[in-house]
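Worksheet: the structure to be examined is printed underneath.
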Amino acid sequence: MTTAPLSLYLHIPFCARKCPYCDFNTYAGLQALFEPLSLALAREIMAAGAARARPPVHTIFLGGGTPTVLSAAQLARLLDACAQAFSILPGAEITSEANPGTVDRPRFADLVSLGVNRLSMGVQSFDADELAFLGRIHSADDAEIAFSSARAAGFRNISLDFIFGLPQQQPATWERTLQRALALAPEHLSLYSLIVEDETPLADWVRSGRVPAPDEDLAADLYEMAQARLAAAGYQQYEISNWARRHPTGDNFQSQHNLTYWRNRDYLGFGPGAFSGEQGRRWSNLRSPAEYIRRVNAGQPVLDWEEQATPALARGETMMVGLRLLDEGVNRAAFRTRFGLDVAEAYPDIVAELRARGLIEVTPDCVRLTPAAVLIGNQVFARFLPG
Ligand code: SF4
């Protein structure tokens with residue numbers, strides 16, 4: 001078993017209302033399962049820690065779903081289980097997602113007192129029509145109030161999520177959303193283009209012609225607009241969809257938890273549908289919250305799928321996720337330590353071709369995308385995966 005610090009992801013599969021574009025494993029109207037789910041999740045965490053002799057952990061992420069629909073006691077149960085089952089390192093990043101429609105200052109104070117030191121808030125837009133289209137339960141003002149309440153409760157590390165590239169989105173509304181976001185001076189911003197996921201109401205709307213499909217060229221323009229605005233405001237774009245402010249002490253506010261994924265390091269996921277990756281083995285839990293609870297309570301496995309990555313797949317995935325880090329890229333020394341050869345030796349033809357086309361650069365330390373390749377990153381990543 002690994003002794004390198006792990007990251008833990010806790011999946012809370014509940015939302016006050018399901019957004020029409022969302023394909024996450026999350027459900028509305030399951031209040032009756034809040035308590036049993038939190039008990040089952042704590043049991044799964046305890047069992048995983050015991051099986052690994054309480055290894056060190058450097059990040060915990062409460063995601064979903066909307067973790068803030070759970071009570072303070074239920075969230076405390078989950079974090080207590082993490083602290084009992086794992087050795088939480090001093091200074092560990094502990095993040096909770098929060099929907100502005102489910103939080104107020106006392107709720108944030110609860111989170112602070114539980115040791116949560118980072119918030120990730122799904123704002124998505126500051127435009128009323130866009131929020132209505134996205135089916136969000138909060139207004140633009142709610143989001144600003146939630147942000148101020150989080151600050152007042154003591155949060156010094158807040159990330160805000162936004163979605164761009166909505167059908168027929170006006171650049172002017174995106175501009176206003178960015179301005180209002182920057183006026184709040186969050187430590188971190190995540191900007192995602194709207195994706196029409198299969199089997200969502202949004203996909204039905206597009207299929208039936210009720211709404212036009214998102215326009216990729218418009219999304220690219222809005223993305224470049226955001227890149228310029230955020231750079232001017234002092235944010236570093238450290239990942240394709242993520243920007244962070246520098247900390248006055250010289251540290252930065254990059255998401256330490258998500259860096260685990262982008263560096264292809266080990267993480268354990270708990271809860272219905274959660275994914276894990278450890279020592280090349282990857283697995284996921286079954287998705288149904290009710291069945292998950294039943295099996296945990298019966299002492300039965302909740303495994304739904306697993307595979308052991310081949311060396312070629314593990315290398316390719318390390319390239320795919322590492323190239324998302326625009327500055328850091330894929331660390332050549334770490335790659336060599338893990339796979340026994342340099343990136344250029346593992347992929348001589350691909351690296352030569354992508355360099356010649358100006359899509360990647362190879363420095364003494366890393367391999368990374370060039371700015372010209374950011375918008376076509378997926379095409380570059382795909383080249384490294386085994387055919
Ligand atoms: S609040 Fe987030 S997780 Fe819940 S349905 Fe909406 S987008 Fe999905």
Side-chain angles (χ1 to χ4, degrees), residues 9-31 33-34 37-38 41 61-70 74-75 78 95-104 107-108 111 116 118-147 150 158-167 169 177 181 186 188-206 211 214 241-242 255 257-258 261 269-275 284-285 287-289 292:
Y9 173 78
L10 280 55
H11 188 72
I12 317 298
F14 307 125
C15 285
R17 189 169 76 198
K18 185 88 185 183
C19 303
Y21 58 89
C22 177
D23 74 340
F24 294 162
N25 186 38
T26 177
Y27 309 85
L30 292 187
Q31 283 81 347
L33 296 188
F34 288 5
L37 188 281
S38 73
L41 205 39
F61 196 98
L62 295 161
T66 307
T68 44
V69 299
L70 295 186
Q74 289 160 344
L75 292 171
L78 302 181
T95 304
S96 177
E97 289 186 333
N99 183 322
T102 63
V103 278
D104 54 19
R107 201 83 190 85
F108 287 129
L111 293 174
V116 175
R118 182 171 183 271
L119 271 188
S120 174
M121 223 186 297
V123 177
Q124 316 314 359
S125 173
F126 278 119
D127 180 80
D129 291 339
E130 291 178 5
L131 287 170
F133 173 78
L134 293 170
R136 303 295 296 181
I137 60 169
H138 57 86
S139 68
D141 289 349
D142 289 340
E144 285 181 340
I145 292 166
F147 187 91
I158 304 178
S159 179
L160 301 181
D161 284 8
F162 292 91
I163 296 177
F164 64 93
L166 280 58
Q169 183 173 22
T177 285
H188 187 279
L189 287 155
S190 299
L191 311 182
Y192 301 108
S193 66
L194 181 67
I195 305 289
V196 179
E197 304 286 0
D198 287 344
E199 295 177 33
T200 59
L202 177 61
D204 291 341
W205 298 346
V206 170
V211 298
S241 304
N242 289 276
S255 165
H257 185 83
N258 286 342
Y261 303 140
F270 302 106
F275 280 80
S284 64
N285 287 351
R287 289 168 61 88
S288 158
Y292 168 86

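Atoms considered below: every heavy atom in the structure, side chains included; atoms not considered: hydrogens, waters and symmetry mates. None of these values were measured; they are calculated from a predicted model. Indexing begins at 1, ligand by ligand and atom by atom, following the structure's order.
Listed by chain and residue number, the protein N/O/S atoms under 2.8 Å of atom 4 (Fe) of ligand 1 are C15 SG, with waters left out.
Looking at Y27 and N25, their side chains do bring a donor and an acceptor atom within 3.5 Å of each other.
Between P67 and L10 there is no side-chain heavy-atom pair separated by less than 4.5 Å. L75 places a side-chain heavy atom less than 4.5 Å from the side chain of L111.
The nearest protein atom to atom 2 (Fe) of ligand 1, hydrogens excluded, is given as R136 NH1, 4.0 Å; this is a heavy-atom distance.
For ligand 1, the atoms closer than 4.0 angstrom to any heavy atom of Y21 are 7 (S).
In this structure, the separation between CD1 on I158 and CZ on F147 is 4.0 Å, given to the nearest 0.5 Å.
In this structure, E97 falls outside the shell of residues with a heavy atom less than 4.0 angstrom from ligand 1.
Within a 6.0 Å sphere centred on CZ of F24, other residues, nucleotides and ligands contribute 12 heavy atoms or fewer.
Closest approach of P100 and G122 over heavy atoms only: CD-O, 3.2 Å.
Between H11 and Y9, the angle of the ring planes lies from 30° to 60°, which puts this pair in the tilted group.
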